[in-house]
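Reviewing the structure listed below.
Each chain gets a letter, A, B and so on, in the order the sequences are listed, and its residues count up from 1.
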Amino acid sequence: MSNLFILFLFTVCCEIIGHRVATLFIGKIPHFLRGTTWLLGLGIVVFFYFLSHFFFPYSFPTIFYILLFLVIPSIRNYFKTKGPNTLVVFIKKNILPLIVILVMLPQVFVKASQPPYVWDEMAYHYISPYSLNFEKTWDMGSSLTQNLPRLLDTAYISLFSLTKTYSVARILQFSIFATFLISAHSFLKQKFGAILAIAYFLLTFFYGGNFILWSTFGYVDVGTMAFVMIGFFSFLDYLFERNMNSLQFSFAFLGMAVGVKYSALTQFIVILIISSYLVFKNRRKHSKILRNFLVTGGLFLILGGYWYIKNLMTTGNPIYPFLFGCRFNVCETLSLGYTLPFTISNILAIFSQIFNKSSFLPVMFIVSSALILILALRKIRLMVIIIFLFVAMEIILVRDISGFEARYFFHWQALAILVIVAPLSIFAKVDIFRLIRNRNRKRVRDAV
Amino acid sequence: MQSKIKLKIVPINLYLSIIFIYLAFIFLTLLLSFIESFTYSGFFLKHFHISLNFFASASLGIGLLVSIMRPPNQLRRGRWADFLGSLLIFNLGFLLALFSLILAVNILESLNYENFIFSKIHLNPKLIIKVGFIELLSLCVNSVLIVRTEHPLSLKVVRFFKLLSPKRFILKSKTDDINVPSIIPGLTFIIYSIVLLAFTITGSLSSAYKFYEKDKIFLKDNELKYALRDINIYQWIEIFFPKTKDFVNWCDQQVSPVHLVSFDPQILWLNYEGLSRVFLTNCTIENIYSENRSRDYIGRKNIFLVSITPCEKGLVIGKDELSGSTMEYFRKINNYYICRSAQIVQSLYFYESE
């Protein structure tokens, strides 16, 4: 219980810090992102923790002092801007998904209470008690694992240093996943109706059990997916409403995604290309573009981009060991031969993995795509087209570097579910049952 | 709120292309399933990597698509309508023939013994039922297509559905002289939404139930014991790391940090036991990840070595004979050192000097 309390306090501190950063540097927080400000705080806290480890060992309770240092100046503003009130309102409006999540918590806690037991988390995501007690500063060697972006891993270490258990780290990633789902529910409910929103939430949460299970692992794939999807929904809000704040939040969360894992780079580049075109096309409608660009760039760097600057300084390659070599005598190589190449012959295998080998969901995906593309529902059709464009551009970017591995493309599963439930937006636009009832009444009246 | 669901009229070339694709898929699905009923289920997948499920799903999907498309006005009469009429009659006849065959073979099978029909005419009675369902799909789509034309058969189809359906789901055709837009779009959405929501709810409930089942992927027995504190971390290590538990416990008892070296590929990359290093409290295993890195440690004296691969006497070689792949290199290096070391506990050795 004490560990959970520590995690709760940690989250509250991140919420206060994130709220301050969001209101100070961006401005008004879109309604659906109200529950995600703690993630921004998490990113800021991890950035400072990263800097501190150049001077202080893990054994020193640095995270405690960092939290104090960042929270104290932010508390006054948090209450002044009615932070708790808006958060309570957000929670009330999204109470149904929260209740569903609560139902699954006992099982999540059982899985989260395990010691390290899954391969990669034992290999490099988690550190040993020895490293916690004796590692003085960052070990910047030339191996791959020493030079990956490690935002979430660093967050895990910070909590491990406080609680001496990885259970809170597991709950942290699950919390990130739950935050994404609730944020998505809020966004979809406002834009396309409650039925679509709850269907999306349920399908994503229970989708083959993969996401819930993987969110309790010490891996970072679900966390990456969550940040990418929050960034994607923020981008969609910009697309629909031309709200520049939403675009800034989008790049803030994409910055966190690239700080977690290299694989998020392609998603970031695709969104960058599409949004650059849109901003350029609508430049007359936007004011202070340069200022917004600098602020967004700064947030991107602080929330995740600094890992690439660190790599550039230590190895000479921001995405070591990919593409650009290194300044060492021998650069480490990484073979991605275990992934499935993006070729025509592998399309069915890739499709099958995206839908967890379900034979029902691919059919619904095809039918849904057809329904949406044929009907005159502008916003939802635009969203589906953007999703297809996004995936196509990502394939073009990544196909010569990596093939398909399900966990590197968890966001494709989340996007596929969004396409599947898209036709349910009709319930927000047309009362179908009343339409049929009225037509029958008209027929009877005419007959009489 | 909009008051109507609007359907766009599809351009004629696009419409005919989609119809052609649908006809190709449904024909192939029928053909493949028919042939499979004379062989076995999965025949095409095994020998030709062609999935019948994919074709069936695609036929269903494209069939639904053509059902809800509004055809161009030029196709409501003329040769296209005549073609649909002929196709409908063929589909009806074929379905009736299939139905009779399915009934006959299954009755005969039940009156005799299992595989009776297969032994006589090499036909699997269960698999021919699949062909019947696919043909039924074809007939349904054909019926919907012909209702949107002015072919004489469309009126008969409408009257047939009147007999089956409640009044509010009636399909109307233009020849009835009632100007009622088809309620197919609304009906399609209702059916789609009901199917999807039913799947979502039932799938969610069954997934939630599976999470609470013991010994399934989400909950293994030892995991529950650990969560309930029936076993502690030492017992956990004993269960999952039988070969390295001793050296993990040895490390726990050391008073000052100890550096360990490992050349064993099993410890470095291959074996789950090697991952027990995440539990080390007072020891660290040096991060040797390449041949170049290993040369920093070759030639050193008084080093602690970790290896789950025991000494293979027959493999002892001189240091100058290292060759082969990285794995082979590390195997040889490891064997060289382990065979010249004293064992402290299982998997832990001490190398003094040559």
Side-chain angles (χ1 to χ4, degrees), chain A residues 103-104 107 109-111 113-117 119 121-123 126-131 133-134 141 143-144 195 199 202-203 205-206 208-209 212-213 329-330 332 348 359-360 362-364 366-368 370-371 374-376 420-421 423-424 426-427 429-432 435-437 439-440 443 446, chain B residues 1-8 51 53-54 57-58 60-62 64-65 68-69 167-168 178 180 183 185-186 188-190 192-193 195-197 199-201 203-204 207-208 210-212 217-219 223-224 226-227 233 236 240 257 272 275 277-284 287 289-290 292:
Chain A
V103 166
M104 295 311 301
Q107 279 307 69
F109 281 164
V110 166
K111 270 310 203 190
S113 67
Q114 307 304 304
Y117 69 103
W119 197 283
E121 71 185 24
M122 302 172 79
Y126 290 163
I127 61 171
S128 64
Y130 175 90
S131 299
N133 290 326
F134 297 108
S143 80
L144 170 69
I195 292 180
L202 286 175
L203 269 179
F205 191 55
F206 289 109
I212 300 181
L213 184 64
N329 288 334
V330 178
E332 180 154 334
L348 289 180
S359 49
F360 176 78
V363 172
M364 300 301 278
I366 294 170
V367 172
S368 166
L371 280 173
I374 286 174
L375 292 171
I420 288 171
V421 301
L424 298 178
I426 199 75
F427 287 104
K429 289 286 182 189
V430 179
D431 185 345
I432 289 180
L435 189 65
I436 296 171
R437 240 184 353 257
R439 282 180 178 157
N440 283 340
R443 220 174 283 130
D446 291 345
Chain B
M1 193 187 264
Q2 291 178 24
S3 60
K4 288 183 182 171
I5 303 166
K6 290 182 190 159
L7 266 188
K8 295 195 282 194
S51 167
N53 285 340
F54 167 73
S57 304
L60 174 66
I62 303 174
L64 279 170
L65 174 64
I68 62 170
M69 286 193 311
K167 278 195 177 173
R168 60 178 172 273
I178 297 172
V180 174
I183 62 164
T188 313
F189 267 107
I190 291 173
Y192 181 90
S193 303
V195 168
L196 181 61
L197 287 172
F199 172 81
T200 303
I201 292 166
S204 305
S207 291
K210 273 187 221 159
F211 291 144
Y212 285 90
I217 191 166
F218 206 80
L219 185 64
E223 293 172 3
L224 187 57
Y226 188 86
I233 187 67
W236 173 278
F240 286 95
Y272 188 69
L275 299 172
R277 59 181 178 266
V278 78
F279 296 108
L280 298 178
T281 49
N282 296 309
C283 299
T284 181
N287 188 14
Y289 50 83
S290 65
N292 283 327

- prompt: Looking at side-chain heavy atoms only, is the closest gap between B/Thr284 and A/Tyr130 below 4.5 Å?
  reply: yes
- prompt: A/Gln114 and B/Glu223: which non-hydrogen atoms are nearest, and at how many Å?
  reply: NE2-O, 3.0 Å
message: Quick check on A/Phe134 against chain B: is it the side chain, the backbone, both or neither that has a heavy atom closer than 4.5 Å?
response: side chain
query: Taking all atoms of both residues into account, what is the closest heavy-atom pair of B/Phe279 and A/Pro116, and its distance?
result: CZ-O, 3.4 Å
- request: Sort B/Asn282 into side chain, backbone, both or neither according to what part of it lies under 4.5 angstrom from a heavy atom of chain A.
  value: both
task: Pick one of side chain, backbone, both or neither for A/Phe109, based on which atoms fall under 4.5 Å of a heavy atom in chain B.
output: neither
field: Given B/Leu196, B/Leu64, B/Leu60, the one that forms side-chain contact (heavy atoms from CB on, under 4.5 Å) with A/Val367
entry: B/Leu64
field: Residue selection (most heavy-atom pairs with chain B, distance under 4.5 Å) from A/Pro362, A/Ser113, A/Ala199
entry: A/Ser113
query: Between A/Ala123, A/Ser131, A/Pro115, A/Ser128, which residue shows the highest count of heavy-atom pairs closer than 4.5 Å to chain B?
result: A/Pro115
- prompt: Using non-hydrogen atoms only, which part of A/Ile127 is less than 4.5 Å away from chain B: side chain, backbone, both, or neither?
  reply: backbone
message: Quick check on the interface: out of B/Gly61, B/Ser57, B/Ser51, who has the most heavy-atom pairs with chain A under 4.5 Å?
response: B/Ser57
- prompt: According to the interplanar angle, ranging from 0 to 90°, do the rings of B/Tyr272 and A/Trp119 count as parallel (below 30°), tilted (30 to 60°) or perpendicular (above 60°)?
  reply: tilted
task: Give the intermediate values and the outcome of side chain to side chain contact (heavy atoms under 4.5 Å, CB included) for residues A/Leu203 and B/Phe199.
output: CA-CA 9 Å; A/Leu203 269 179; B/Phe199 172 81; 3.7 Å; yes
Residue, of A/Ile366, A/Ile195, A/Ile420, that accumulates the most heavy atom pairs under 4.5 Å with chain B: A/Ile420
- prompt: Does the side chain to side chain contact (heavy atoms under 4.5 Å, CB included) test come out yes or no for A/Val421 and B/Thr200, once each step is laid out?
  reply: CA-CA 10 Å; A/Val421 301; B/Thr200 303; 5.7 Å; no
